[in-house]
Amino acid sequence: MGDSNTKSYYTAETLVYLNGEFVHATEAKIDLYSQSLHYGYAVFEGIRSYRTVSGDTRIFKELEHFERLKRSALALNMPYPFETEQLIEATYVILERNNLQDAYIRPLVYAPANMSFMPNNDSSVVIQVWKMEPFLGEKLLKVMTSSFERPNPKGFKIEAKATGHYVNSILASQEAKAKGFDEALLNDMNGYVAEGPGANIFFEKDGILVTPPAGNILPGITRATVIEICNELNIPVEERLFKTEELKQADAAFFCGTAAEVIGWESIDGQTFNKSWNDATGKWIQDAYRARVTEAKTGLSNMLKEYEERKMMKI
Ligand code: PMP
């Protein structure tokens, strides 16, 4: 993750939800013989909650996230003896008991002790919450094309958020940082742009936003929200394959994801974009995303009016 590895995710007071109970993070245990730990065979979610403009705590798109958690587990043949409603309720409880409103929420479903590759009769679930700043920071990003490709969909259930896939993300992200960049961009096995290690990509060209289609990516919940916002703001969006060469001719580009939110790029492989971020459509989407997660509804409708006016004036 973007936050430094010296950061503490919990204190002696922190509570986590573990298999139906609320327990202290310092006392919760996992089985060292878990198949998940040895083989990267677990599934997880990354969710955020926000303090809304009315002061309430709201988990953003909680149903979509917990339903994806279930789909991820079933895609990997993991038993899923959990109820979405119960997990959402438990998440609200640990947010409150840990005194958190703006939080990052990490549910993880993992396997029991099993050193074989055979299926299990049971799964465990843990939900952890902590405070996390936007995980790629808030400055425009210098992005590099990775030497690593995303996992081949013929070798992995890539639409599942499985822990093992993130070895690929770690390798790509570490390579980018070691070379002086902020983040990596990975191609798919056919050489088309796929996604970042933990975020989806959009670019803007001549007023149209373009993003890779589902198939070789994790089709993110934030990506879906960006498309919804585009539909509301009448911004045309295309889901289609493209290569880095096309991206280098773009007017602007951004990453989006639950942890990263919406974050603009400064450059790709050292090449900057035609528009400054403040003039890019992505900036509008970034503002609209913030309005949406904090439920600032008037913010969004004002923005829509202002955006239409700017378009008419061709600013
Ligand atoms: N792609 C990858 C590889 C990711 O890890 C994430 C983060 N979950 C995303 C895309 C964005 O997904 P979401 O918007 O659902 O967080």
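Remember, it's 1-based here, ligands and their atoms both numbered in the order they're listed. Fair warning: this is a prediction, and the values are worked out from it, not measured in the lab.
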Tell me whether R240 contacts the main-chain N or O of P212 through its side chain, where contact means a donor paired with an acceptor under 3.5 Å.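 Not at all, since once roles are kept as given, no pair shorter than 3.5 Å links the two residues.
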[X] vs [Y] side-chain heavy atoms within contact, under 4.5 Å:
X    : Y    : result
L141 : F181 : no
F22  : R97  : yes
F255 : E261 : no

Looking at every non-hydrogen atom in both residues, tell me the closest pair between Y104 and E45 and how far apart they are.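 Where Y104 meets E45 most closely, the heavy atoms are OH-O, 4.5 Å.
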So is [X] touching ligand 1 or not, going by heavy atoms under 4.0 Å?
X    : value
A224 : no
E45  : no
R68  : yes

Counting only heavy atoms not in E96 (residues, nucleotides, ligands), do more than 12 fall under 6.0 Å from its CD? no
Step through the shown structure and confirm whether more than 12 heavy atoms of other residues, nucleotides or ligands are within 6.0 Å of CD on E85. no
Show your reasoning for whether ring-ring contact (aromatic ring centres under 6.0 Å, His included) applies to Y166 and F44. CA-CA 11 Å; Y166 285 79; F44 70 104; 4.9 Å; yes
Considering both backbone and side-chain atoms of [X], is one of its nitrogen or oxygen atoms within less than 3.5 Å of a nitrogen or oxygen in ligand 1?
X    : value
R223 : no
H65  : no
E195 : yes
T258 : yes

Look at [atom] and say which protein heavy atom is nearest, naming residue and atom and giving the distance to 0.1 Å.
atom                    : result
atom 8 (N) of ligand 1  : K161 NZ, 2.7 Å
atom 11 (C) of ligand 1 : N200 OD1, 3.6 Å
atom 14 (O) of ligand 1 : T222 OG1, 2.6 Å
atom 5 (O) of ligand 1  : Y166 OH, 2.4 Å
atom 15 (O) of ligand 1 : I221 N, 2.7 Å

Below a 4.0 angstrom heavy-atom separation, can you tell me which part of [X], side chain or backbone, both or neither, approaches ligand 1?
X    : answer
H165 : neither
P197 : backbone
A199 : backbone

So if I count the atoms of ligand 1 from 1 in the order they appear, which ones are less than 4.0 Å from some heavy atom of R150?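 That gives atoms 3 (C) of ligand 1.
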Can you list the atoms of ligand 1 that are under 4.0 Å from a heavy atom of G220? 12 (O), 13 (P), 14 (O), 15 (O)
Determine all donor-acceptor pairs shorter than 3.5 Å in which one atom belongs to a side chain in residues 191-202; sequence neighbours excluded.
residue: E195; atom: OE1; partner: N200; partner atom: ND2; Å: 3.4
residue: E195; atom: OE1; partner: L218; partner atom: N; Å: 3.2
residue: E195; atom: OE2; partner: R150; partner atom: NE; Å: 2.9
residue: E195; atom: OE2; partner: R150; partner atom: NH2; Å: 3.3
residue: E195; atom: OE2; partner: L218; partner atom: N; Å: 3.2
residue: N200; atom: OD1; partner: G220; partner atom: N; Å: 3.0
residue: N200; atom: ND2; partner: L218; partner atom: O; Å: 3.0

Run the salt bridge (charged side-chain N to carboxylate O under 4.0 Å, His left out) test against K157 and tell me which residues pass, sequence neighbours left out. none
Let me see the working for K248 and D269 under salt bridge (charged side-chain N to carboxylate O under 4.0 Å, His left out), right down to the final yes or no. CA-CA 8 Å; K248 285 184 176 164; D269 300 332; 3.6 Å; yes
